[in-house]
Q: 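Just dropping this structure here.
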Amino acid sequence: MEGLGEAFTSFFKIGIFTLGGGYAMIPMIEEEVVNKKGWVSKDEMLDLIAIAQSCPGVFAINIAIFIGYKLRKIRGAVATSLGTALPSFLIILAIAMFFQQFEDNRVVAAMFRGIRPAVVALIAVPTFNLGKQAKLNKFTIWIPIVSALAIWLLGVSPIWVIIVAGVGGYVWGKVKG
């Protein structure tokens, strides 16, 4: 069983080196907890991503809690969630303390304009990787496309998309199996 310190350190490292939020953390989390540490399998990771997305709260913290709980129950969940959140908290605190001094600086503004497209890529890559891992095919590819369009164009709440997808998956499993 992994130690609390190792779990905290692994998720602190993920938290400090990842820009772009929870979805951008997926490749680093997968590399650390699936490939390097072997704490969860690829299939478990895909399930954890689906569960973390459907639970309220911050996506990255949800995944950290699930993995930490699997490793060391409540203490593991606390260690991994603190490890994930602490870097962001410290960085945001530092930025808040000094932001007013730099908010009108042209160089800083230009840097933020350059970072924005990179963050889009950091979110897009895990999305495509999730699609591969979910084994989308010609019969299922319509589900994420219709879901995204319903949310984006029609303003459907993601909660309804998750509920409909869950019920649909359950019904399909009953019909097929």
Side-chain angles (χ1 to χ4, degrees), residues 4-37 39-40 45-46 48-69 76-134 144-163 165:
L4 294 175
E6 184 178 2
F8 174 85
T9 303
S10 291
F11 278 87
F12 188 88
K13 205 171 38 172
I14 291 165
I16 202 160
F17 289 112
T18 307
L19 298 173
Y23 295 103
M25 289 179 160
I26 292 172
M28 285 190 73
I29 294 172
E30 187 172 1
E31 178 64 25
E32 185 74 11
V33 304
V34 175
N35 300 337
K36 286 184 182 174
K37 305 285 185 187
W39 291 340
V40 296
M45 184 67 187
L46 187 58
L48 288 175
I49 291 168
I51 293 167
Q53 174 59 38
S54 21
C55 291
V58 178
F59 176 78
I61 299 293
N62 289 347
I63 285 186
I65 289 170
F66 291 132
I67 293 170
Y69 189 83
V78 169
T80 54
S81 60
L82 282 175
T84 303
L86 193 56
S88 297
F89 173 77
L90 295 174
I91 291 167
I92 289 169
L93 181 63
I95 289 170
M97 290 169 51
F98 301 107
F99 183 70
Q100 288 184 354
Q101 297 171 359
F102 298 104
E103 68 181 321
D104 294 327
N105 185 307
R106 297 170 95 194
V107 173
V108 172
M111 288 173 59
F112 280 122
R113 281 192 303 276
I115 289 172
R116 287 181 196 138
V119 170
V120 170
L122 289 171
I123 294 169
V125 168
T127 301
F128 290 115
N129 289 339
L130 284 172
K132 283 188 219 172
Q133 290 176 4
I145 293 170
V146 169
S147 298
L149 290 173
I151 293 167
W152 180 46
L153 294 176
L154 303 176
V156 174
S157 170
I159 294 168
W160 286 113
V161 171
I162 292 167
I163 290 169

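Atom set for the values below is all heavy atoms of this structure, side chains included, hydrogens, waters and symmetry mates excluded.
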Q: A side-chain contact here means heavy atoms from C-beta on lying under 4.5 Å apart; do Leu154 and Leu149 qualify?
A: no

Q: Check Met45 against Ile26 and note the closest heavy-atom contact, atom names and distance.
A: CE-O, 4.4 Å

Q: Residues in side chain to side chain contact (heavy atoms under 4.5 Å, CB included) with Ile51, at least two apart?
A: Cys55, Phe66

Q: With sequence neighbours left out, write down each residue that passes ring-ring contact (aromatic ring centres under 6.0 Å, His included) with Tyr69, or none if nothing qualifies.
A: none

Q: Not counting sequence neighbours, which residues clear side chain to side chain contact (heavy atoms under 4.5 Å, CB included) with Phe98? List them please.
A: Gln101, Phe102

Q: Suppose we screen for side chain to side chain contact (heavy atoms under 4.5 Å, CB included). Which residues come up paired with Ser10, at least two apart in sequence or across chains?
A: Glu6, Glu32, Lys37, Trp39

Q: What's the separation between atom CZ in Phe59 and atom CD1 in Ile29, rounded to the nearest 0.5 Å?
A: 7.0 Å

Q: Could you note down all residue pairs passing salt bridge (charged side-chain N to carboxylate O under 4.0 Å, His left out) where residues 21-31 supplies at least one of them, sequence neighbours left out?
A: Glu30-Lys42

Q: Please identify each residue that fulfils side chain to side chain contact (heavy atoms under 4.5 Å, CB included) with Ile151, with sequence neighbours left out.
A: Pro158, Val161

Q: Please give me the minimum heavy-atom distance between Ile63 and Ala52, naming the atom from each residue.
A: CG1-CB, 3.4 Å

Q: Show, in sequence, the C-alpha distance, side-chain angles and deciding distance for Lys13 and Thr9, and conclude whether the side-chain contact (heavy atoms from CB on, under 4.5 Å) test is met.
A: CA-CA 6 Å; Lys13 205 171 38 172; Thr9 303; 5.5 Å; no

Q: Identify all side-chain donor-acceptor contacts of residues 81-90 below 3.5 Å with residues at least two apart in sequence or on another chain.
A:
from	atom 1	to	atom 2	distance (Å)
Ser81	OG	Ala77	O	2.8
Ser81	OG	Val78	O	3.2
Thr84	OG1	Thr80	O	2.8

Q: Out of curiosity, Ile16 CD1 to Met28 CE, how far, rounded to the nearest 0.5 Å?
A: 10.0 Å

Q: Looking at Leu153, I'd like to know if its CG atom is crowded, meaning that more than 12 non-hydrogen atoms belonging to other residues, nucleotides or ligands lie closer than 6.0 Å.
A: yes

Q: Can you tell me how far the CG atom of Asn62 sits from the CD1 atom of Ile49, to the nearest 0.5 Å?
A: 12.0 Å

Q: Which residue pairs pass the side chain to side chain donor-acceptor pair (under 3.5 Å) test with at least one member in residues 111-130, sequence neighbours excluded?
A: none

